[in-house]
Amino acid sequence: MTTVTMTVNGKTVSADVEDRTLLVQFLRDELQLTGTHIGCDTSQCGACVVHLDSRAVKSCTIFAAQADGAEVTTIEGLAPDGRLHPVQEAFREHHGLQCGFCTPGMIMTAVDMIRRKPKLDRQTIRAELEGNLCRCTGYQNIVDAIEAAAQQMAAIKSAGSVA
Amino acid sequence: MITYPFEYTRAQSLDEAVALAAAEPDAKILAGGQTLIPTMKQRLAAPPRLIDISRLSQLSFIRRDGDALVIGATTRHADVASSADVMEAIPALALLAGEIGDPAVRHLGTIGGSLANNDPAADYPAAALGLGATLTTNKRSLAADDFFTGMFSTALEEGEILTEISFPLAEKAGYCKFPNPASRYAMVGVFVAKTKVGARVAVTGAGSCVFRVPRMEAALNADFTSEAVAGISVPADDLNSDLHGSAEYRAHLVTVMAKRAVEAANRT
Ligand SMILES: Cc1cc2nc3c(=O)[nH]c(=O)nc-3n(C[C@H](O)[C@H](O)[C@H](O)COP(=O)(O)OP(=O)(O)OC[C@H]3O[C@@H](n4cnc5c(N)ncnc54)[C@H](O)[C@@H]3O)c2cc1C
Ligand code: FES
Ligand code: FES
């Protein structure tokens with residue numbers, strides 16, 4: 001057993017876990033944050049993507065113990081006061097989901113790519129989605145949603161820097 | 001999910017990691033975990049202890065050292081891909097790192113883990129062999145020509161830890177891979193370089209281990225153009241045949257990727 005302490009969605013959490021506990025198990029089973037999904041458990045589908053120290057990672061491919069001392073953001077952390085994040089809003093607006101299973105990972109990946117690459121064209125969005133699989137949508141509307149969110153967030157940012 | 005217990009230790013220093021590895025021969029070094037954790041889930045490996053070196057800041061760096069670019073073993077793929085120093089010194093290396101897997105894999109995976117693992121379809125081994133890199137461990141330095149010894153095997157001894165990789169700057173270098181559409185691993189990837197000591201051509205994905213193509217190197221020494229390698233093919237006999245492609249198909253891809261890699265090198 002190892003005691004792990006980390007900041008999850010802004011709150012400090014601490015627990016004794018078996019060393020073999022994956023970060024995704026810690027989030028879902030220990031913290032009951034079930035927004036993060038397990039699609040494949042073989043590092044391929046991206047349903048489990050969360051942010052670790054501000055970078056998108058597959059939480060099924062890292063142990064909770066490795067995240068000791070780190071800051072983790074999950075899909076629940078994007079809308080802390082119940083107001084949707086612009087990327088979540090854009091997925092709703094552009095119908096970027098059908099069954100919704102891949103959506104938490106898609107959105108966490110999208111937020112990460114927008115932070116790293118404020119100017120996103122559709123080809124870049126598709127390349128950045130390499131590690132996220134969707135069985136329903138055909139990706140078209142996901143790309144639409146991310147493109148719209150990136151533009152909206154850039155507009156908010158530049159309005160903010162003028163004010 | 002991992003169905004059996006093991007112990008996890010986060011090393012506080014390289015010395016501690018070396019001592020822990022020496023004390024427990026079956027223990028494994030954990031870097032980015034992007035190969036080791038999936039492997040453990042499949043029970044292809046079941047080490048009793050993992051020694052995590054990924055937080056050792058002394059092993060995570062990118063430094064220009066005269067005519068070489070030196071990269072610490074735990075430097076993440078994403079950091080190599082986005083480094084202005086790498087882009088200036090050896091742009092082909094930054095581009096190669098940016099094409100590994102997907103963004104989440106690149107945020108955790110490390111150069112040292114990739115080289116130590118020596119997957120027959122991994123990208124970095126082609127760059128290390130193609131540029132004639134020197135790989136340094138806690139014990140010694142090895143030339144890339146002596147480091148990669150076979151499928152998933154290297155000259156690393158039990159408990160030996162890769163610490164840094166020194167890439168000599170090349171006059172020109174280019175990499176081109178035909179990625180497997182599902183995994184992004186190389187079906188075939190070819191790294192070419194015009195180095196101070198002559199042209200080098202390294203092929204990954206095609207065989208059981210990264211290899212050089214002396215006939216292409218000789219042709220490029222005479223004339224560093226894609227036409228020079230266009231007529232040279234490698235025999236299919238020893239190449240991989242699997243559900244993704246036959247050995248003959250891979251042999252064909254080697255020539256095509258080599259041509260494109262030379263063209264990429266000549267554009268930089
Ligand atoms: C979905 C997916 C797609 C991928 N696509 C690609 C791709 O397109 N191209 C590609 O090249 N790779 C690909 N990879 C593999 C990825 O690049 C891994 O990060 C890399 O192979 C291993 O690096 P790591 O740091 O994650 O090592 P780990 O998984 O932590 O370790 C791998 C092995 O190396 C050993 N090791 C690690 N560091 C050291 C060290 N410093 N000294 C000695 N031994 C060490 C470990 O003990 C272990 O045996 C992919 C992986 C995934 C999950
Ligand atoms: S559950 Fe982690 S990548 Fe599929
Ligand atoms: S919406 Fe069903 S998997 Fe993406």
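Chain letters run A, B, ... following the sequence lines, proteins first, then strands; residues in each count from 1.
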A.B. asks: Does CZ in A:Arg115 sit with more than 12 non-hydrogen atoms of other residues, nucleotides or ligands closer than 6.0 Å?
C.D. replies: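 Yes, the 6.0 Å shell around CZ holds more than 12 heavy atoms from other groups.
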A.B. asks: Assess whether atom CD of B:Glu263 is packed by more than 12 heavy atoms of other residues, nucleotides or ligands within 6.0 Å.
C.D. replies: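 Yes, the 6.0 Å shell around CD holds more than 12 heavy atoms from other groups.
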A.B. asks: Quick one: what part of B:Leu108 sits under 4.5 Å from any heavy atom of chain A, side chain, backbone, both or neither?
C.D. replies: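 Answer is side chain: those atoms of B:Leu108 sit under 4.5 Å from chain A.
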A.B. asks: Among B:Asp102, B:Leu50, B:Val105, single out the residue with the greatest number of heavy-atom pairs under 4.5 Å to chain A.
C.D. replies: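 Looking at each option in turn, the highest pair count goes to B:Asp102.
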A.B. asks: Does CZ in B:Arg63 sit with more than 12 non-hydrogen atoms of other residues, nucleotides or ligands closer than 6.0 Å?
C.D. replies: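 Check passes, neighbour count above 12.
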A.B. asks: Shorter than 4.5 Å, heavy atoms on both sides: which option in A:Ala65, A:Cys60, A:Ser43 has the most such pairs with chain B?
C.D. replies: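 When all of A:Ala65, A:Cys60, A:Ser43 are compared, A:Ala65 has the most.
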A.B. asks: Using a cut-off of under 4.5 Å for heavy-atom pairs, which of A:Asp41, A:Val49, A:Thr109 has the most such pairs with chain B?
C.D. replies: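 So the answer, after comparing A:Asp41, A:Val49, A:Thr109, is A:Asp41.
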A.B. asks: Select one option (side chain, backbone, both, neither) describing which atoms of A:Leu133 are under 4.5 Å from chain B's heavy atoms.
C.D. replies: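 Contact with chain B is absent: no heavy atom of A:Leu133 under 4.5 Å.
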A.B. asks: Side-chain contact, heavy-atom cut-off 4.5 Å: B:Pro103 with A:Arg116?
C.D. replies: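 Contact flag for B:Pro103/A:Arg116 side chains = yes.
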A.B. asks: Could you check whether atom CD of A:Gln32 has more than 12 heavy atoms from other residues, nucleotides or ligands sitting under 6.0 Å from it?
C.D. replies: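 Buried by this count: over 12 neighbours within 6.0 Å.
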A.B. asks: What heavy-atom pair brings B:Ala104 and A:Lys58 nearest, and what distance separates the two atoms?
C.D. replies: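 Where B:Ala104 meets A:Lys58 most closely, the heavy atoms are CB-CG, 3.8 Å.
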A.B. asks: If I take atom OG1 from residue B:Thr9 and atom CG from residue A:Asp19, how far apart are they, to the nearest 0.5 angstrom?
C.D. replies: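 CG of A:Asp19 is found 7.5 Å from OG1 of B:Thr9.
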A.B. asks: Given that the side chain runs from C-beta out, which part of A:Ile62 has a heavy atom under 4.5 Å from chain B: side chain, backbone, both or neither?
C.D. replies: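 For A:Ile62, backbone and side chain are both near chain B.
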A.B. asks: Do A:Phe63 and B:Ile2 make a side-chain contact, defined as non-hydrogen atoms from C-beta onward lying under 4.5 Å apart?
C.D. replies: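 SC-SC contact between A:Phe63 and B:Ile2 confirmed.
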A.B. asks: If you count heavy-atom pairs within less than 4.5 Å of chain B, which of A:Ile38, A:Leu129, A:Asp68 leads?
C.D. replies: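 Result: the option with the highest number of such pairs is A:Asp68.
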A.B. asks: Identify the two heavy atoms, one from B:Arg55 and one from A:Ala70, that lie closest to each other, and give their separation to 0.1 Å.
C.D. replies: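 Of all heavy-atom pairs spanning B:Arg55 and A:Ala70, the closest is NH2-CB, 4.0 Å.
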A.B. asks: If you look at every heavy atom in B:Pro5 and A:Glu18, which pair is closest and at what distance?
C.D. replies: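 Closest pair (atom of B:Pro5, atom of A:Glu18, distance): CB-OE2, 4.5 Å.
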A.B. asks: Could you tell me which non-hydrogen atom of A:Leu22 sits nearest to which non-hydrogen atom of B:Lys41, and how far apart they are?
C.D. replies: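 Closest pair (atom of A:Leu22, atom of B:Lys41, distance): CD1-CE, 3.7 Å.
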A.B. asks: Would you say B:Met1 has more than 12 foreign heavy atoms packed within less than 6.0 Å of its CE?
C.D. replies: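 Atom CE in B:Met1 is not packed in, count stays at 12 or less.
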A.B. asks: Checking heavy atoms, do the side chain of A:Asn132, its backbone, both or neither come under 4.5 Å from chain B?
C.D. replies: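 Contact with chain B: none, neither part.
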A.B. asks: What residue among A:Leu52, A:Asp53, A:Asp112 forms side-chain contact (heavy atoms from CB on, under 4.5 Å) with B:His107?
C.D. replies: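 Only one of A:Leu52, A:Asp53, A:Asp112 forms a side-chain contact (heavy atoms from CB on, under 4.5 Å) with B:His107, namely A:Asp112.
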A.B. asks: Sub-4.5 Å heavy-atom contacts with chain A: which residues of residues 72-84 of chain B show up?
C.D. replies: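 Against chain A, the residues of residues 72-84 of chain B that fall inside the cut-off (heavy atoms, under 4.5 Å) are B:Arg76, B:Ala78, B:Asp79.
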A.B. asks: Does A:Glu93, at its CD atom, have more than 12 non-hydrogen atoms belonging to other residues, nucleotides or ligands within less than 6.0 Å?
C.D. replies: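 Not more than 12 within 6.0 Å, no.
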A.B. asks: Relative to chain A, which segment of B:Pro179 carries a heavy atom at a distance below 4.5 Å: side chain, backbone, both, or neither?
C.D. replies: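 Contact with chain A is absent: no heavy atom of B:Pro179 under 4.5 Å.
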A.B. asks: Where is the tightest heavy-atom contact between A:Arg20 and B:Thr3, given as atom of each residue plus distance?
C.D. replies: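 Taking every non-hydrogen atom into account, NH1-C, 3.3 Å.
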A.B. asks: Measuring only between side-chain heavy atoms, which start at C-beta, is A:Gln66 closer than 4.5 Å to B:Ile37?
C.D. replies: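 They are in side-chain contact.
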A.B. asks: Does A:Glu89 CD have over 12 foreign heavy atoms under 6.0 Å away?
C.D. replies: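 Yes, CD of A:Glu89 has more than 12 neighbouring heavy atoms, counting only those of other groups under 6.0 Å.
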A.B. asks: Any idea which heavy atoms bring A:Glu128 and B:Arg106 closest together, and the distance?
C.D. replies: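 Residues A:Glu128 and B:Arg106, closest heavy atoms: OE2-NH2, 4.5 Å.
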A.B. asks: Taking side chain as everything from C-beta outward and backbone as N, CA, C, O, which of these in B:Leu36 sits under 4.5 Å from a heavy atom of chain A? Side chain, backbone, both or neither.
C.D. replies: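 It is neither, since no heavy atom gets under 4.5 Å.
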A.B. asks: Looking at B:Arg184, I'd like to know if its CZ atom is crowded, meaning that more than 12 non-hydrogen atoms belonging to other residues, nucleotides or ligands lie closer than 6.0 Å.
C.D. replies: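 Counting other residues, nucleotides and ligands, CZ of B:Arg184 exceeds 12 neighbours.
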